[in-house]
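Taking it in order: structure first as structure tokens, then the write-up.
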Amino acid sequence: MQLSWPGGPLRGTAQLPASKSEANRALILQALAGGGTLSNLSDANDTQLMMRLLAAAPGTVELSAEDAGTVMRFLTAYLAVTNWRGRLTGTARMQERPIKVLVDALRQAGASINYLNNDGYPPLEIAGFTVAAETTEPIELSVRGDISSQYISALLMVGPRLPGGLRLTLTGHIGSRPYINMTVALMQRFGADYSAEGDVLTVRPGAYQPTDYTIESDWSAASYWYSFVALAPAGSEITLPGLRRESLQGDQAIAGMMKQFGVETTFLSDGVHLRQIPLAPQTEIQTLDFTDCPDLAQTVAVVAAALARPVDMTGLESLRIKETDRIAALQTELAKFGGDLRDLGEGRFRAESSGFAVNNQSVATYHDHRMAMAFAPLAMRGLLAIESPTVVRKSYPQFWKELAKSGFAVSEAE
Ligand SMILES: O=C(O)C1=C[C@@H](OP(=O)(O)O)[C@@H](O)[C@H](O)C1
Ligand SMILES: C=C(OP(=O)(O)O)C(=O)O
């Protein structure tokens, strides 16, 4: 895929996908509740896949979560507690993404789950659920929160299905906490009886209620349009419908992060308007923490390098086990442009550049939708090729079409 910008300011409106994070939670809750109408469901492959697998599960003994982490983790818990028996697998990369924390917790709750290849990793055999004798006491589990919040979300969502409910004690450094908050908020929308004392989370037993819910547009997808505006010619602006000021998505943090890169956010009645503003001289290197919003790291690292406005980044630990080792991928691909994500030690990385230039480099995408979308805005600065462009279908299938609509020349690479 070759991208080029014809010149002049970026203007207009871009359509975003719905949040796959919200959608995949709502689908699990809808299934557990036995009903409810979900609107604005995402066309993201991760969401379409979740829908397909939830529908197929009753008559199938082999399901693949492909490369979708929330599908793999949420379905492992859902299928276990609903007594599904069969094999749940995924892509080669998914078979390198750890799931031991979740399997250990589900086993403690009564699930029979076996590893079919490497211990601690998919594929899994899910072989039933033994419910302890009638009890009114919650199952007490302790779960570390420094690997993936998805294990915690998965356990919380099935908690009301356990005879005495669930009491989850989170341990260690909790990453991606806004996703846990999103899970709880949606569970409560579907009628869950939840309370928390610090990091001790209690879900009481009971039936979810069929509930109607409209999925919000995706703030993670919006982050790439922030980059487009930041790197575009002077006078650029764009409107993004469907985003809410009161959002369940932690990636709304992009609005604050991008101010220093010259993008101002105005909230509208439906969505946001982004406007390019003059860049103030950089007087110091700011530190941005991505513990709560790891999916924004690639977006920000690329913009900081492209603008030669170095920024220190912390909270990147979980990037190593996502669709690819995102730290290594960023370092390799940024180097092609004169950029770097330099390891300063103790979990601190500096996004920086020296002589940054875009002149027809080819960006590898490592089966990672966010590598393709985070680097695409560099086309504002010169001719660019993106390898395996269909990788964006995981979260934003219309991404290239929206770029073409906004004025980019988008063509299959020769
Ligand atoms: O719960 C979710 O919807 C997600 C949680 C995050 O993963 P981790 O909790 O593993 O950081 C995030 O990276 C992912 O894109 C979606
Ligand atoms: C890591 C991501 O998703 P998941 O963990 O659900 O595969 C992502 O969308 O960046």
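Note that ligands are numbered from 1 as they come in the structure, with each ligand's atoms numbered from 1 the same way.
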Response to the item:
Under 4.0 Å between heavy atoms, the region of Met94 that gets near ligand 2 turns out to be neither
Item to complete: Drop me the distance from Thr266's OG1 to Glu237's CD, to the nearest 0.5 angstrom.
Response: 9.5 Å
Fill in: Heteroatom proximity flag, His369 to ligand 2, N/O under 3.5 Å
yes
Worksheet item: Is there any N or O on Asp46 that sits under 3.5 Å from an N or O of ligand 2?
Response: no
Item to complete: Please state which part of Val71 comes within less than 4.0 Å of ligand 2, counting heavy atoms only: side chain, backbone, both or neither.
Response: neither
Just list the N/O pairs, ligand 1 to protein, that are under 3.5 Å apart, with the distance for each.
from     : atom 1 : to     : atom 2 : distance (Å)
ligand 1 : 1 (O)  : Arg25  : NH1    : 3.4
ligand 1 : 1 (O)  : Arg25  : NH2    : 2.6
ligand 1 : 3 (O)  : Ser21  : OG     : 2.6
ligand 1 : 3 (O)  : Arg25  : NH1    : 2.9
ligand 1 : 7 (O)  : Gln150 : NE2    : 3.2
ligand 1 : 7 (O)  : Lys322 : NZ     : 3.3
ligand 1 : 9 (O)  : Ser149 : N      : 2.9
ligand 1 : 9 (O)  : Ser149 : OG     : 2.5
ligand 1 : 10 (O) : Ser148 : OG     : 2.7
ligand 1 : 10 (O) : Lys322 : NZ     : 3.4
ligand 1 : 11 (O) : Ser176 : OG     : 2.7
ligand 1 : 11 (O) : Lys322 : NZ     : 2.7
ligand 1 : 13 (O) : Asp295 : OD1    : 2.8
ligand 1 : 13 (O) : Asp295 : OD2    : 3.4
ligand 1 : 13 (O) : Lys322 : NZ     : 2.8
ligand 1 : 15 (O) : Asp295 : OD2    : 2.5

Item to complete: Examine ligand 2 and decide if any of its atoms is less than 4.0 Å from a heavy atom belonging to Met72.
Response: no
Worksheet item: Can you find a heavy atom in the side chain of Leu75 that is under 4.5 Å from one in the side chain of Met50?
Response: yes
Practice prompt. Say whether Lys394, considering both its backbone and side-chain N or O atoms, lies within less than 3.5 Å of an N or O atom on ligand 2.
Written response: yes
Worksheet item: With side chains defined as the heavy atoms from C-beta onward, is the minimum distance between Asp46 and Asp67 less than 4.5 Å?
Response: yes
Item to complete: Find out whether Leu170 and Leu201 are in side-chain contact, i.e. whether some heavy atom of one side chain is under 4.5 Å from a heavy atom of the other.
Response: yes
Practice prompt. Drop me the distance from Thr89's OG1 to Met72's CE, to the nearest 0.5 angstrom.
Written response: 7.0 Å
Discussion item. Just to verify, what does Arg326 make a salt bridge (Lys or Arg N to Asp or Glu O under 4.0 Å) with, not counting sequence neighbours?
Written reply: Asp295, Glu323, Asp368
Practice prompt. Answer whether the closest heavy-atom distance between the side chains of Thr202 and Tyr194 falls below 4.5 Å.
Written response: no
Fill in: Taking atom 10 (O) of ligand 2 as the reference point, the nearest protein heavy atom with its distance
Arg370 NE, 2.7 Å
Item to complete: Answer side chain, backbone, both or neither: which part of Asp295 comes under 4.0 Å from ligand 2, heavy atoms only.
Response: side chain
Discussion item. Which label fits Phe337 and Phe356: parallel for a plane angle under 30°, tilted from 30 to 60°, or perpendicular past 60°?
Written reply: parallel
Worksheet item: For Thr287 and Arg348, which heavy atoms make the closest approach, and how far apart are they?
Response: OG1-NH1, 2.7 Å
Worksheet item: What is the nearest protein non-hydrogen atom to atom 9 (O) of ligand 2, stated with its residue, atom name and distance?
Response: Lys20 NZ, 2.7 Å
Item to complete: Would you check if the distance from the ring center of Phe228 to the ring center of Phe408 is below 6.0 Å?
Response: yes
Worksheet item: Is a side-chain donor-acceptor pair under 3.5 Å present for Ser220 with Tyr396?
Response: no
Worksheet entry | Asp67: numbered ligand 2 atoms lying under 4.0 Å from its heavy atoms | 7 (O)
Worksheet item: Can you tell me which residue and heavy atom of the protein come closest to atom 6 (O) of ligand 2, and the distance to 0.1 Å?
Response: Thr70 N, 3.1 Å
Practice prompt. Run down the list Glu323, Met373, Arg97 and name the one with the heavy atom closest to atom 5 (O) of ligand 2.
Written response: Arg97
Fill in: Pair Lys100-Val103, side chain to side chain contact (heavy atoms under 4.5 Å, CB included): steps then yes or no
CA-CA 5 Å; Lys100 181 180 187 304; Val103 170; 5.7 Å; no
Worksheet entry | ligand 2 to Gly69 polar contact by distance, N or O atoms, under 3.5 Å | yes
